Asks: 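Below is the structure I would like to discuss, written out as structure tokens.
What you see is a predicted model, and the numbers here were worked out from it, not measured in a lab. Both ligands and their constituent atoms are indexed starting at 1 by order of listing.
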Amino acid sequence: MLLKIALPNKGRLSDEVRELFNDAGLEVRARGERALTASLGGEFEAIFVRAQDIPEFVADGAAHAGVTGWDLVCESGRELDLLMDLEFGRCRLVVAAREEGGFASPEDVKEGMRVASCFPRLTQEFFARRGQRVAVVPVSGAAEIAPHLGIADIVVDLTSTGSTLKMNGLREVATVLESSARLVACKGNPVDTQQKLDELKQALGSVLAARDKRYLMANVPKDSLIRVREVLPGLNGPTVVDVLDGGDFVAVHAVVPAKTIYRTINALKGLGCEGILVTRIERLMA
Ligand code: AMP
């Protein structure tokens with residue numbers, strides 16, 4: 001069977017999705033300039049559409065799976081299986097108000113206030129849950145301008161660093177939803193589709209698992225081995241290898257967190273280690 005995966009054709013998520021699929025060995029092969037579909041090799045095919053249309057495509061069965069922002073999945077109101085958090089495209093859907101407007105929390109939102117948002121459903125739901133009746137003003141972009149134009153009193157908008165909100169004189173007063181890029185599928189897939197989806201999950205997951213890890217090799221004085229073990233716990237403890245004519249040294253290999261690599265290197269140097277080598281890992285299957 002051919003597993004069809006809906007992917008964003010442009011916009012914020014498209015480059016990172018492409019990079020992840022490339023790294024997982026599912027690069028786009030044979031695609032025409034404006035082609036909507038492309039082979040990803042083997043039994044995987046990509047369908048390129050707008051990020052916001054992907055939940056519909058997947059829910060309607062035009063694609064078996066899709067990658068898009070969780071915010072867009074929730075806003076669509078379609079029931080989909082969440083298969084995986086892809087960890088990029090992180091952002092928050094927030095309630096924001098003009099800095100000089102005297103809003104400090106969502107309690108300051110008064111009955112009937114106008115809220116501009118590209119996410120009318122999530123906005124309505126958020127305030128309804130709190131028992132607050134607001135008038136949602138649906139917009140298709142640049143919601144942050146609305147309070148300045150007098151179209152709305154507050155906005156519900158996406159933010160990652162908060163800089164666009166700040167630039168527009170808006171202050172966050174509440175979080176509606178935390179989002180990132182997710183792999184989703186339609187519910188109730190038959191067994192053969194499920195198997196292909198598991199393959200896809202494994203391919204993407206092994207790349208994601210490797211991204212924040214490094215493979216470290218070092219020559220370690222034999223009498224430092226016990227203390228090196230504390231610095232390099234590795235996945236299952238470090239691998240220790242004999243070095244031909246290595247004298248008092250053995251080679252140690254371990255998978256370590258990328259974030260603290262400099263600290264690890266310094267600690268190893270402090271223990272008399274030499275020939276320290278660090279490389280990226282393409283995939284990690286624990
Ligand atoms: P697009 O409109 O196609 O550029 O895609 C927008 C999607 O990117 C959103 O639905 C979010 O899932 C994601 N995203 C990540 N960070 C941000 C951000 N700071 N602002 C807007 N969207 C973001």
Side-chain angles (χ1 to χ4, degrees), residues 5-22 28 31 34-38 46-60 62-63 65-99 115-126 136-148 151-152 154-185 204 208 211-212:
I5 314 161
L7 302 178
N9 59 351
K10 56 183 178 184
R12 256 175 225 267
L13 300 176
S14 62
D15 287 348
E16 280 189 90
V17 171
R18 186 71 62 90
E19 198 183 314
L20 173 63
F21 274 67
N22 279 351
V28 168
R31 182 189 178 193
R34 297 174 143 255
L36 185 69
T37 64
I47 304 179
F48 292 102
V49 283
R50 277 158 31 124
Q52 70 213 70
D53 294 333
I54 289 176
E56 301 294 337
F57 266 71
V58 178
D60 291 342
V67 173
T68 192
W70 185 238
D71 48 293
L72 298 170
V73 175
C74 295
E75 177 64 19
S76 76
R78 305 298 301 255
E79 270 211 34
L80 295 170
D81 268 342
L82 172 59
L83 300 187
M84 201 174 211
D85 186 342
L86 303 179
E87 295 165 26
F88 55 82
R90 282 202 186 283
C91 57
R92 287 168 308 120
L93 187 65
V94 299
V95 180
R98 287 174 81 156
E99 271 164 1
V115 190
S117 184
C118 305
F119 296 83
R121 175 195 288 268
L122 292 173
T123 302
Q124 197 79 62
E125 279 174 11
F126 175 78
V136 178
V137 181
V139 291
S140 59
E144 66 274 9
I145 315 286
H148 301 283
I151 298 168
I154 54 175
V155 301
V156 166
D157 203 1
L158 286 175
T159 180
S160 38
T161 59
S163 59
T164 309
L165 290 178
K166 245 196 217 113
M167 237 164 51
N168 286 285
L170 299 173
R171 182 199 314 157
E172 258 179 72
V173 291
T175 300
V176 176
L177 182 87
E178 308 250 355
S179 181
S180 56
R182 311 270 166 107
L183 176 68
V184 291
L204 301 179
L208 291 174
R211 279 191 174 167
D212 58 353

Asks: Determine the minimum heavy-atom distance between Leu7 and Ala46, stating which atoms define it.
Replies: CD1-CB, 3.8 Å

Asks: More than 12 non-hydrogen atoms from neighbouring residues, nucleotides or ligands closer than 6.0 Å to CZ on Arg50, yes or no?
Replies: no

Asks: Under the salt bridge (Lys or Arg N to Asp or Glu O under 4.0 Å) rule, what do Arg92 and Glu172 come out as? Steps first, then yes or no, please.
Replies: CA-CA 10 Å; Arg92 287 168 308 120; Glu172 258 179 72; 2.7 Å; yes

Asks: Heavy atoms under 4.0 Å from ligand 1: which residues qualify?
Replies: Lys10, Gly11, Arg12, Leu13, Ala51, Gly69, Asp71, Leu72, Gly89, Arg90, Cys91, Leu158, Thr159, Ser160

Asks: Between Thr123 and Arg121, do the side chains contain an N or O donor and an N or O acceptor separated by less than 3.5 Å?
Replies: no

Asks: Tell me, please, which residues at least two apart from Gln124 pass side-chain contact (heavy atoms from CB on, under 4.5 Å).
Replies: Val136

Asks: Hey, is the main chain of Val49 close enough, under 3.5 Å, to the side chain of Asp53 for a donor-acceptor pair?
Replies: no

